[in-house]
Amino acid sequence: MTEPDVTSQHNEPMQRAARDHLWMHFARHSASQEGAEIPMIVRGEGPYVYDAAGRRYLDGLSGLFTVQAGHGREELAQAAAKQAAELAYFPIWSYAHPKAAELAERLAGLAPEGLDRVFFTTGGGDAVESAWKLAKQYFKLTGKPTKHKVISRAVAYHGTPHGALSLTGLPGLKAPFEPLVPSAFRVPNTNIYRASEHGDDPEAFGRWAADRIEEAIEFEGPETVAAVFLEPVQNAGGCFPPPPGYFERVREICDRHDVLLVSDEVICAFGRLGTMFGAQRYGYTPDIITFAKGVTSGYAPLGGMLVADRLFEPFKHGTTMFAHGYTFGGHPVSAAVALANLDLFEREDLLGHVMRNRDAFRATLERLRDLPIVGDVRGDGYFYGIEMVKDRDTRETFTEEESERLLRGFLDKALYEAGLYCRADDRGDPVVQLAPPLTCDQSHFDEIEQILRSVLSEAWARL
C-alpha cells in the first residue's frame, strides 16, 4: 500500500548522502556501492513505517525489538521536547537530576522483589558490559577475588562491546575482533527443536540444559565463576523459550555455587513477553537484569541494569565506588521519555493487551506449518521465530551456500517489497524473526501471516 509521494524528490540526494557517507551497522555495502537503492525510511505511524516513495511497511520487528508503543506517539516526542527545554543534559557522575531519580524509583517498583538499585547506561551492550564489571568488582569487595569468569549459551548474542561480545556465542561475529576478553565460557542453549533426544520431554531437556551450567561451573571451579548470563527467551538462533523448570533449576545452581544470575532482558523486558520483565514471565528472580530498547519504545536511547540490594551493599561504605559510567547514561531527555512511555503502558494496558492476544498471534503463525519450508514456529508473547528447513520430516537444514541464497539472495528483499519489515537471520539455523509493536492486533497478525505465506511459498519454489 502506498501513500502520496511527498518525499521522492528528495530521495536521490538522500541516497547519495547515504551511499557516499553513511556507514550502516551490520550492513553489506557492496550493493549500494554498485548503485542499488538503499531502503530509506522517512516516517512511522502506529505499527507501520513509510519509505521515501510513500510505500507502507508493517514493522514486524518493532524497529529492532524496540518500538513497543508503536510509531508516531506525539506524547513521547513532547516529553522529550519539554525536558530538553528544561534541562537538556547533565551527567549523573556524583550528581543527580529529577528524571533519573524518578525513573530509577519507578523501575525498581516494577522489577522483581529485591532489585532496587538502577544503574543507567546508553544501551544494551553497555548494560551487559556493566553487569560483568559489577560482578567482578562485587566479588573482589566481598573477599572472593578469583571469581571473574562468566558463562553464557551457545549462539546467544549479548552485544558488540569487547566484554559483551566475549559473552556472545556466535564465533563468526567474534572472529574479526579477537582476541577478546578472556574468561567467558559457553553451555548449550534451549533449542529443543534441535535436541531430538529430548523432544518428547521438555522438562527433562530443561533439566539437562540447566545441568550443563552446573557442569561448567564445577569444571572451571566455583571459586572462579562470577556470573551466568541468560536471556529469558534467547534471541539469536530464532527465539528459544526456556523449557519448564529450566530457570528454577538454574537459580538453584547459581545459589549453590554463589554465582550471580544475570537476566539479559534487552529484548525481553517492557512487555515483549507480556510482563514488564521477562523474569516475571517465567517466575525467577535474577541478581541483575540488563535492559534497554523498549524502556523508551526507541524514542530516545537508554539502557541500564537493575541490581539486587546485596550487590550494592559493599558500595555504600567508605571510599568504595563502582568506577564505571557513561557520558549519556541516565540522560535527562531519555529518562523523561521512559517515564512517559511507562505512563502510556499503564494507560493503554499494553501488558494486558499482549497477554490477551499472544495466543492469537501464535495461532496465526502456526497456520504457516502447512508450508513445506516451515520446520518450527517458536517463541512467546510478541516474540517469535519461524525456522526454515529443506525437509520437515528429517529437519534437515540448508547448507551455508543455500542459506546465503535463501536469506540474502531472496527473503530479505522479497519480504520488504511485499510490505513486511522483519528479520531473516542465519546466525543459527535459518529463521524469520517477528517482534511487532505491542499495539498490534489480529488484523496485523493476519497481514503478517499472509505476506509470509506468499513469500515463503515462492522461496520454496525457488529451491
Side-chain angles (χ1 to χ4, degrees), residues 111-115 128 131 150-158 167-169 184-220 222 225-269 272-291 306 308 355 358 362 376-381 383-385 387 428-429 431:
E113 186 176 357
L115 276 71
V128 170
V150 288
I151 292 168
S152 59
R153 295 185 291 206
V155 187
Y157 174 82
H158 291 285
L167 280 163
T168 292
F185 300 89
R186 227 69 56 220
V187 293
N189 58 45
T190 58
N191 182 6
I192 195 169
Y193 183 70
R194 293 294 173 188
S196 55
E197 65 273 23
H198 301 285
D200 295 327
D201 192 344
E203 194 166 341
F205 172 61
R207 186 175 182 89
W208 174 87
D211 285 348
R212 302 290 72 75
I213 294 174
E214 183 161 44
E215 186 178 82
I217 291 171
E218 291 176 340
F219 183 82
E220 292 300 321
V225 179
V228 174
F229 283 72
L230 304 172
E231 295 171 278
V233 175
Q234 181 175 312
N235 170 40
C239 304
F240 304 147
Y246 175 80
F247 275 109
E248 181 181 5
R249 176 70 172 158
V250 171
R251 182 71 269 182
E252 292 172 359
I253 290 166
C254 289
D255 288 343
R256 181 160 51 248
H257 297 292
D258 193 18
V259 170
L260 304 183
L261 175 55
V262 181
S263 191
D264 183 357
E265 305 205 11
V266 171
I267 288 176
C268 290
R272 183 54 54 194
L273 306 180
T275 50
M276 192 59 72
F277 294 98
Q280 294 163 327
R281 172 75 177 99
Y282 299 115
Y284 66 97
T285 300
D287 300 291
I288 300 173
I289 291 176
T290 56
F291 65 86
L306 280 147
M355 295 298 277
R358 61 181 182 173
R362 174 187 284 274
D376 195 25
V377 177
R378 55 179 178 256
D380 196 4
F383 185 34
Y384 273 85
E387 182 169 335
D429 294 299
V431 295

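Just so you know, residue 1 is the first one in the sequence shown, and it goes up from there. Computation of the quantities below employed the complete heavy-atom set of this structure, encompassing side-chain atoms and omitting hydrogens, waters and symmetry-equivalent molecules. Everything numeric here is computed off the predicted structure, so don't read it as measured data.
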Can you name the residues that form a side chain to side chain contact (heavy atoms under 4.5 Å, CB included) with A269, not counting sequence neighbours? E265, F277
Non-hydrogen side-chain atoms of T190 and R153 separated by less than 4.5 Å: yes
With a 4.5 Å limit on heavy-atom distance, are the side chains of D255 and L261 in contact? no
Which heavy atom of P244 sits nearest to which heavy atom of P202, and what is that distance? CD-CB, 3.9 Å
Where is the tightest heavy-atom contact between Y284 and G278, given as atom of each residue plus distance? CE2-O, 4.5 Å
Which heavy atom of V262 sits nearest a heavy atom of A131, and at what distance? CG1-CB, 4.2 Å
To check you understand the geometry: which heavy-atom pair defines the closest contact between I217 and V228, and what is its length? CD1-CG2, 4.5 Å
For the pair F247 and Y282, name the ring-plane relationship: parallel under 30°, tilted 30 to 60°, perpendicular over 60°. parallel
Backbone N/O of A154 and side chain of N189: donor-acceptor pair under 3.5 Å: yes
Separation of L167 CG from I151 CD1 (nearest 0.5 Å): 10.5 Å
Rounded to the nearest 0.5 Å, what separation is found between the CD1 atom of I213 and the CD atom of E252? 12.0 Å
Drop me the distance from R272's CZ to D380's CG, to the nearest 0.5 angstrom. 11.5 Å
Apply side chain to side chain contact (heavy atoms under 4.5 Å, CB included) to the pair V431 and R378, showing each step before the final yes or no. CA-CA 10 Å; V431 295; R378 55 179 178 256; 3.8 Å; yes
When you compare the side chain of D211 with that of R249, does any pair of heavy atoms fall below 4.5 Å? yes
By the salt bridge (charged side-chain N to carboxylate O under 4.0 Å, His left out) test, which pairs, at least two apart or in different chains, include something from residues 189-198? R194-E387, R194-D429
Using 0.5 Å steps for rounding, measure from the OH atom of Y246 to the CZ atom of F205. 8.5 Å
Pairwise distance CG(N235) to CZ(F240) - rounded to 0.5 angstrom: 9.5 Å
Where do P188 and R212 come nearest, in terms of heavy atoms and distance? CD-CB, 3.6 Å
Check: P232 and R281 side chains under 4.5 Å, non-hydrogen atoms: no
I need the single residue from R256, R251, R207 that forms a salt bridge (charged side-chain N to carboxylate O under 4.0 Å, His left out) with E214. Which is it? R256
Specify the closest pair of heavy atoms between A156 and Q234, including all atoms of both residues, with the distance to one decimal. N-NE2, 3.3 Å
I need the C239 SG to I267 CD1 distance, nearest 0.5 Å. 8.0 Å
